Amino acid sequence: MPCEPGGQNAPMVEDARGSEVLSPEALTSEEIHTALGALLDRRDSGASGTVLGAGSDDLAAGRRFLEALVDGGWMVPTWPARHGGRDADASEAVLIDTVMGDYDVADLYPYGVGLNLVGPVLLDHGRPDQQDRWLRPIADGSQIWCQMFSEPDAGSDLANAGMRAERDGGEWVLNGSKVWTSRGAYARWGMCLARTDPSVAKHRGLTMFAVDMTAIGVEVRGLEQINGDRHFTEVFVSDVRVPDADRIGDLGAGWGLTVETLAHERATIGGRSFGGGDTEAQGLPSWLEGWRSSGHLNDPVVRQRAVRAFILHRVNQMTVARAAFALGDGETPGPEGSGAKLRSVAAFKARAYLGKDLAGAAGMLTGTEGHLEFLTAPSMSIRGGTDEVQRNIVGERVLGLPGEPRVDKDAAYVDLKKSR
Ligand SMILES: Cc1cc2nc3c(=O)[nH]c(=O)nc-3n(C[C@H](O)[C@H](O)[C@H](O)COP(=O)(O)OP(=O)(O)OC[C@H]3O[C@@H](n4cnc5c(N)ncnc54)[C@H](O)[C@@H]3O)c2cc1C
C-alpha cells in the first residue's frame, strides 16, 4: 500500500483474502492523496464528465478502476474491509470522496446499481453468506447488477408489480416481465421484485430475489434510448428457477426493501454532480465559468437562468453533504432523497436547456457541445421515480400534507382490477 494513514504506527487490519488493508484511523487528506495518487491519475479540471453513462458503456475502464481501488477499500469506504471497504466512518468517507474529486474517476455508471443500491441493502438485510458471495464482486467490478422493479403495469405504482414467484421445494419459479431495466444488457445479477402472495394487499405480498441473468428462461431485449444508450432493456422471465438462498430479506418483505432501495437511488441521483467542473467546493463550476468568459452572462436573462441553475446545484451539494454524514452514521436514506433528486434534476435540466439555447442554430447539429445532456435531460425526471411522485413523497412524508386517496391500499392484490 502506498501510504500509512495515521502515521507509521497505524494498525493494519486484514481483509477476507488475508491481504493487509490500512486501518481507517485518523486519515488526513494528505494521506488519502498519497494513497490515491499512487493508484489514479490527476483529473484535468477542464475535462467534461459523463452524463449518467449516456452513450458510453466502457465496462473495462470501470472494472480496471474498481480493481485498482478495492484492496484499499477506497470506492466503498464505509463497507467492511472483508467486503471491499475499509470500515471507515462517515466523516472519513466524505473526506475520501472529496479527495477523489481531484482524480480521474472512470465512468462507473454500469456499476452504479451494485455499488449504490444493492450493496447498501445487502449490508442491511443480506444474510452473511449472501454478503460473502455478492459484496466483494460488486466492489471489485467483477459482477454488475441491474434493478428489475418496473413492469408494464407497475411504474409509479410499483407495489402493483405482477411478476410471479411460486415456491417449488427449495426453489422459486419466476414468471413475468420487467421493463426499463437499465444495464440489463450486461448485468450478471438482477435485483428483482416479485409477488409471492397475491392473496394479501399489494404492498404485503412482495419478496425480493437476486436473479442470475444468465439463467435459463431469462431473455433480455434491448431498448435504444434517444441519447444513444444501448444498455436499456426489457426482460422476459419464463419459468426461471431461483434458489431460496438467493431470496433477499424475508418472505413478504419486498416492499420495505424496494422503498429502501429507491431512497438510496434518489439520494444517489440527487447527490451526483453532472458534467465537468461541478465538484469544486468554491468558486464557479467550469460550465458557468465558460459562459462567463465567453460573454454569455452579460445578457441579464441568460445570467438569471444560469445563476438559477447554479444555485439549485450548490444548494443541492450542501444538502447532500449533510445527508451523507447522516448516512455514514448508519442511518438509512429517507424522503430527503426525493428532495435532492428534484433539485439535482432541476439543476441539470436548467443547465442543459440553457446550454442548447446558447448554442443557437449550431445547436441543432448532433455532436455539438452539450447535445448529450440535452437528449438525456427529459429522462432525468422519470428514472428513479418521476418528479410528480417525488413531490407526492415530499408533500406527504416531509411536509405532513394529507395523503393521496389510495382506494386499493387494503384490498387483496388478486381482487384488484388489472389492465390485462
Ligand atoms: C432512463 C430510465 C432508466 C430507468 N431505469 C430503470 C431501472 O433500471 N429499473 C427499473 O425498475 N425501472 C427503471 N426505470 C423506470 C422508471 O422508474 C419508471 O419509468 C418510472 O417510475 C415511471 O413509471 P412509468 O414509466 O410506468 O410511468 P407511470 O407510472 O405510468 O406514470 C405516467 C405519468 O403519470 C404520473 N403519475 C403516476 N402516478 C402519479 C401520482 N400518484 N401522482 C401524480 N402523478 C402521477 C407520472 O409522474 C408520469 O408523468 C427507468 C426509466 C428511465 C426513463
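This is a predicted model, so every value here is computed, not measured. Order of listing sets the numbers, starting from 1, for every ligand and every atom in it.
There is no protein heavy atom less than 4.0 angstrom from atom 30 (O) of ligand 1. Under the 4.0 Å distance rule, the nearest protein heavy atom to atom 3 (C) of ligand 1 falls inside the cut-off. In this structure, atom 34 (O) of ligand 1 has its sub-4.0 angstrom surroundings free of protein heavy atoms.
Using a 4.0 Å cut-off between charged side-chain N and carboxylate O, Glu289 and Arg292 make a salt bridge. No salt bridge links Arg63 with Asp140; every basic N to acidic carboxylate O contact stays at or beyond 4.0 Å.
Taking the six-membered ring where the residue is Trp, Trp134 and Trp145 present perpendicular rings, their angle passing 60° and hence far from 30°. Between Trp287 and Phe310, the ring planes lie perpendicular to each other; the angle is over 60°, past the 30° to 60° tilted range.
Annotation: Asp157 places no N or O atom under 3.5 Å from an N or O atom of ligand 1; distance criterion only. Residue-to-ligand polar distances place Glu388 within reach of ligand 1: an N/O pair is separated by less than 3.5 Å. The shortest N or O to N or O distance between Phe232 and ligand 1 is not below 3.5 Å.
Both the sub-6.0 Å distance and the 45° axial angle are satisfied by Lys356 relative to the ring of Phe374.
Atoms of ligand 1 lying under 4.0 Å from any heavy atom of Asn392, numbered from 1 in the order shown and given with element: 40 (C), 41 (N), 42 (N), 43 (C). Residue Glu404 approaches ligand 1 through these ligand atoms, each under 4.0 Å from one of its heavy atoms: 40 (C), 41 (N), 42 (N). The distance from ligand 1 to the heavy atoms of Phe149 drops below 4.0 Å at these ligand atoms: 11 (O).
Given atom 28 (P) of ligand 1, the protein heavy atom at minimum distance is Ser156 OG, 3.7 Å. Closest to atom 16 (C) of ligand 1 among all protein heavy atoms lies Ser150 OG, 3.8 Å. The shortest contact between atom 26 (O) of ligand 1 and any protein heavy atom is with Gly155 CA, 3.2 Å. Protein heavy atom in closest approach to atom 39 (C) of ligand 1: Val389 CG2, 4.3 Å. The nearest protein atom to atom 8 (O) of ligand 1, hydrogens excluded, is given as Ser182 N, 3.0 Å; this is a heavy-atom distance. In terms of protein heavy atoms, atom 46 (C) of ligand 1 is closest to Thr386 OG1, 3.6 Å. Of the protein's non-hydrogen atoms, the one nearest atom 19 (O) of ligand 1 is Ile382 CG2, 3.4 Å. Ranking protein heavy atoms by distance to atom 6 (C) of ligand 1, first place goes to Trp180 O, 2.6 Å.
Of the candidates Lys178, Arg383, Met380, the one placing a heavy atom closest to atom 52 (C) of ligand 1 is Arg383.
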Item to complete: Check the pair Met100 / Leu40 against side-chain contact (heavy atoms from CB on, under 4.5 Å), numbers first and verdict last.
Response: CA-CA 9 Å; Met100 190 94 75; Leu40 305 173; 4.1 Å; yes
Carefully, step by step, assess Ser156 and Thr386 under the rule side-chain contact (heavy atoms from CB on, under 4.5 Å). CA-CA 7 Å; Ser156 301; Thr386 66; 4.3 Å; yes
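In this structure, Gln225 is part of the shell of residues with a heavy atom less than 4.0 angstrom from ligand 1.
Applying side-chain hydrogen bond (donor to acceptor under 3.5 Å, both in side chains) to Ser381 and the options Lys349, Lys341, Glu388 leaves one that passes, Lys349.
Taken to the nearest 0.5 Å, the CD1 atom of Ile144 stands 4.5 Å off from the CG atom of Leu59. Interatomic distance, CG of Asp410 versus NZ of Lys202, reported as 10.5 Å (0.5 Å rounding).
Other residues, nucleotides and ligands place more than 12 heavy atoms under 6.0 Å from the CG atom of Leu401.
Counting only N and O atoms by type, the side chains of Asn392 and Glu404 include a donor and acceptor under 3.5 Å apart.
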